Amino acid sequence: MRYSKVLIPTLREEPAEAEVVSHKLMLRAGMIRKLAAGVYNYLPLGLRVIRKVEQIIREEMDRSGALEVLMPWVQPAELWEESGRWEDYGKELLRFQDRHERWFCLGPTHEEVITDIVRKDVRSYRQLPLNLYQIQTKFRDEIRPRFGLMRGREFGMKDAYSFDADEQGAEESYRVMFDTYCRIFARCGLKFRAVEAETGPIGGSFSHEFMVLAETGEDIVVSCDSCDYAANLEKAEIERSKTPNKEKAKPKPLELVSTPGMKTVEEVCGFLKVKPQSLVKTLIYQGDSGPIAALVRGDHEINETKLRRLVGCERLELASEEVIEQVSGAPLGFAGPVGLKMRLIADQGIEDMVNFVTGANKADAHLVNVNLGRDFQVEELSDVRVAREGDPCPRCEGKLLFNRGIEVGHVFKLGTKYSKALKATYLDEQGTERLIIMGCYGIGVGRTAAAAIEQHHDDKGIIFPPALAPFQVLILPVNVKEERLSGVAENIHHSLEERGIEVLLDDRDERPGVKFKDADLIGIPLRVTLGNRFIKEGVIELKWRWSEEIDLVREEDMVDEVLKRLKSIKEGGDDEHS
RNA sequence: CGGGGCGUAGCGCAGUCUGGUAGCGCAUCUGCUUUGGGAGCAGGAGGUCGGCCGUUCAAAUCGGCUCGCCCCGACCA
């Protein structure tokens, strides 16, 4: 393809609207343009990259036995009312009415529709298992779209849904998708980790997020420094200290101290001249069946998901000030475990603490030298706080490390949530009607492309992994007015295209500097440069985008050499250049 | 939704405080020169200064309203 015939509007300067590298580079390389907040146009170069990602996904999904379908973007409200999500989904669901004033929404996901397909046409165990997928545009009216394709409102997504007759089958379907995802992201040339994610009330390790490690990631990946444990921050477990502090200081007598107006941990610590580590926070929560108090060390954070799971609540939120006053007898900021008559859950981290500070359940007062066991008892001592870097690994003796990551994929066992709500059932061998067990599996297409750029770039521009590059080869004649250069460039271009190679010929009458800058910016893996050395010595330069090394090749050998190199890259795996 | 910021040529920005004929760099168009890392010279085109209402002899500039965008936070199958 000729550069002069393609629309590749590169930008010399950084667009003011972009914050992260991938967004800046996609705009500068002329891949995308914004149409509205979180809504983008895909220009020729950008679309080619998106199609590459989609094709890899499609091939691997097909290989796994999944079947491609296509569901509508516009969905009727009735289905969502049936699943209960018309109520539950919130403002992210963009709703509108047609001319008959019937309600519809733009699909943010397709569980309802796919379940509807299956319930209508799947009757027998003989038709199971089934895995249906699509690559579709989704719309989620995000509160704050940002970072270009990384968090758009409209975005391309591959979503797959598995349907199985029993638990074993569902687990197998899950495992197959897990492996398929690993292959997809490896083929995309990404460094990624599959991390355990929170599963909600279902339990078990049946949810994994696929995270691409990158500085600009919005999520935290918690991993162990010595084993392969990895989880997201919400899920990350903390091992209970195996060596309880035997040499504890002697408990001192309990003492009530006046702390006028000192509500926060910082205020109390400053006032009493103690460290946050010597303080225990008491948080009052409102659960399904009444208030619950949670204790955590002053410098730790409660993990509400862990707490909710432990106490077995559907809903759990911080109690209002009125409730706090009512149950603790003191205003917000002065609650403490001593004498508190309600469910008391403590983080295991307070087990080792001696002579700590807590609220006194009395306005403007705290207790010092409080001790667990002597002054109060708890219902449970467990892991209910948010993990921190350096915490002990739950699986081995190692310590937890924190990294930033971009969530590009998620595999999730749904169970029977939708099959129950929408009555998707089948008849088993005995003729008994049973609920179908479902799983869902998503990949953000644009986000995967953005993540690849986050991982593969330098200060000059994008360094595309070959599998995602919009073209494999860029031919750059330094001066197109020099006929010896442009003629040979044309020949090579033609020969490579004939062999099915994606080649871009920079036939623009631009100065060499401009062409080199654009070449580096758009990041095509292999560059063929024709310049003075060809005129003088008859040699053509060949260079990988990620390397400084330049090899000299004669015209007659060029096509074979390019083919050889592209082949070696394909076979050599994707790490060669990273 | 709360806080902060921005809207002036395709892009990046100055001008706004202190009202008086709308500017700079890059890009773009024409011509000549130039051709290995974002060229030089000459000439040209491009704007209802986000929109509406108001104040004023006069508004990009002052006031009110409104729309859009960006950042931080809260939220998030």
Side-chain angles (χ1 to χ4, degrees), chain A residues 7 9-20 23-24 27-28 30 33-39 80 83-93 105 107-112 114-115 138 140-148 151 153 157 159 161 197-202 207 209 218-219 232-234 304-305 317-318 407 409-415 417-418 421 438-442 444 459-461 476-486 506 508-522 527 529-536 539-541 543 548 550:
Chain A
L7 182 66
T10 57
L11 302 174
R12 182 181 298 222
E13 286 172 274
E14 283 192 349
E17 70 186 58
E19 187 75 4
V20 299
H23 189 195
K24 286 179 185 171
L27 287 166
R28 286 195 55 211
R33 287 292 183 262
K34 186 175 69 182
L35 182 63
V39 179
W80 287 74
S83 72
R85 290 209 291 184
W86 190 257
E87 288 286 317
D88 295 344
Y89 211 95
K91 288 189 178 172
E92 255 183 54
L93 186 64
C105 63
T109 174
H110 283 71
E111 280 88 359
E112 281 81 0
I114 198 87
T115 308
K138 298 277 189 270
R140 294 181 190 177
D141 199 357
E142 294 275 349
I143 294 171
R144 191 148 82 85
R146 59 184 136 177
F147 304 152
R151 183 180 282 271
R153 291 194 295 171
M157 185 172 171
D159 48 325
Y161 305 88
E198 196 47 56
T199 49
I202 301 162
S207 176
E209 288 172 351
E218 290 185 274
D219 299 300
N232 67 14
L233 191 57
E234 188 185 23
E304 289 184 13
T305 309
E317 48 197 21
L318 278 169
E407 184 191 341
H410 196 167
V411 292
F412 198 95
K413 187 181 157 196
L414 284 173
K417 178 175 174 184
Y418 295 94
M438 293 173 58
C440 78
Y441 317 91
D459 55 350
K460 292 185 237 160
L476 196 157
V478 158
N479 179 0
V480 291
K481 286 198 176 138
E482 178 61 65
E483 277 175 26
R484 273 177 294 172
L485 296 185
S486 50
D506 193 346
R508 296 175 301 168
D509 181 16
E510 285 285 356
R511 294 178 60 82
V514 173
K515 295 180 158 194
F516 284 124
K517 292 289 184 198
D518 278 340
D520 288 340
L521 181 58
I522 65 181
R527 192 180 80 194
T529 312
L530 294 102
N532 281 339
R533 297 183 85 164
F534 179 71
I535 292 170
K536 288 182 191 146
V539 289
I540 303 169
E541 295 169 23
K543 177 185 170 299
E548 289 307 311
I550 292 172

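Because only heavy atoms are used, hydrogens play no part in the values below, and waters and symmetry mates are left out as well, while side chains stay in. Lettering follows sequence order; numbering is per chain, from 1. Computed from a prediction, not measured in an experiment: that's the story for all the values here.
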Pair partner, B:G12 [Watson-Crick or wobble, under 3.5 Å]:
B:C24

In plain terms, say whether A:Lys481 and A:Asp509 are close enough for a salt bridge, that is, a side-chain N and a carboxylate O under 4.0 Å apart.
yes

Re B:G7: Watson-Crick or G-U wobble partner, both distances kept under 3.5 Å, found to be B:C67

CD of A:Glu209 to NE2 of A:His410, rounded to nearest 0.5 Å, is 5.0 Å

Between B:G7 and B:G44, how many Å separate the two C1' atoms, rounded to a whole number?
29 Å

Take atom C1' in B:G43 and the same atom in B:G63, then report the distance between them in whole Å.
44 Å

When rounded to the nearest 0.5 angstrom, what is the spacing between CD in A:Glu234 and OG in A:Ser207?
9.5 Å

Could you tell me how far B:C65 sits from B:C26 if I compare only their P atoms? Round to whole Å.
41 Å

Complementary nucleotide of B:A42, counting Watson-Crick and G-U pairs under 3.5 Å
B:U30

Now, which nucleotide makes the Watson-Crick or G-U wobble pair with B:G2, with each of the two distances under 3.5 Å?
B:C72

Atom CD of A:Glu17 and atom P of B:G10: how far apart are they, to the nearest Å?
15 Å

Nearest-angstrom distance, C1' atom, B:U48 to B:G5:
26 Å

Taking B:A27 as the reference, what is the distance to B:C41 when you measure between their P atoms (whole Å, please)?
12 Å

Considering all heavy atoms, the nearest A:Leu11-A:Leu521 contact:
O-CD2, 4.2 Å

Using the C1' atom in both, what is the distance from B:C49 to B:A60, to the nearest Å?
5 Å

Under 3.5 Å on both distances, the Watson-Crick or G-U partner of B:A58
none

A:Arg484 bridged to A:Glu482 by N-O distance under 4.0 Å:
yes

For each nucleotide in nucleotides 31-39 of chain B, reading 5' to 3', give B when a protein heavy atom comes within less than 4.0 Å of its base, S when such contact involves only the sugar-phosphate, and - otherwise.
---BBBBBB

Separation of A:Glu13 atom CD from B:C24 atom P, in whole Å?
16 Å

Thinking salt bridges, do A:Arg85 and A:Glu111 make one under a 4.0 Å N-O criterion?
yes

A:Arg151 with A:Glu218: basic N within carboxylate O range, under 4.0 Å:
yes

P-based separation of B:C70 from B:U8 [nearest Å]
14 Å

Using the C1' atom on both, measure B:G54 against B:G10 and round to a whole Å.
33 Å

Nucleotide forming a Watson-Crick or wobble pair with B:C49, both distances under 3.5 Å
none

Residues A:Lys24 and A:Glu14 bridged, charged N to O under 4.0 Å:
yes

At their closest point, which heavy atom of A:Pro512 faces which heavy atom of A:Val478, and how far apart are they?
CG-CG1, 3.5 Å

So, A:Glu112 versus A:Ser83: side-chain donor-acceptor pair below 3.5 Å or not?
yes

Letter by letter from the 5' end, nucleotides 72-77 of chain B scores (B base, S sugar-phosphate only, - none; protein heavy atoms under 4.0 Å) B-BBSB

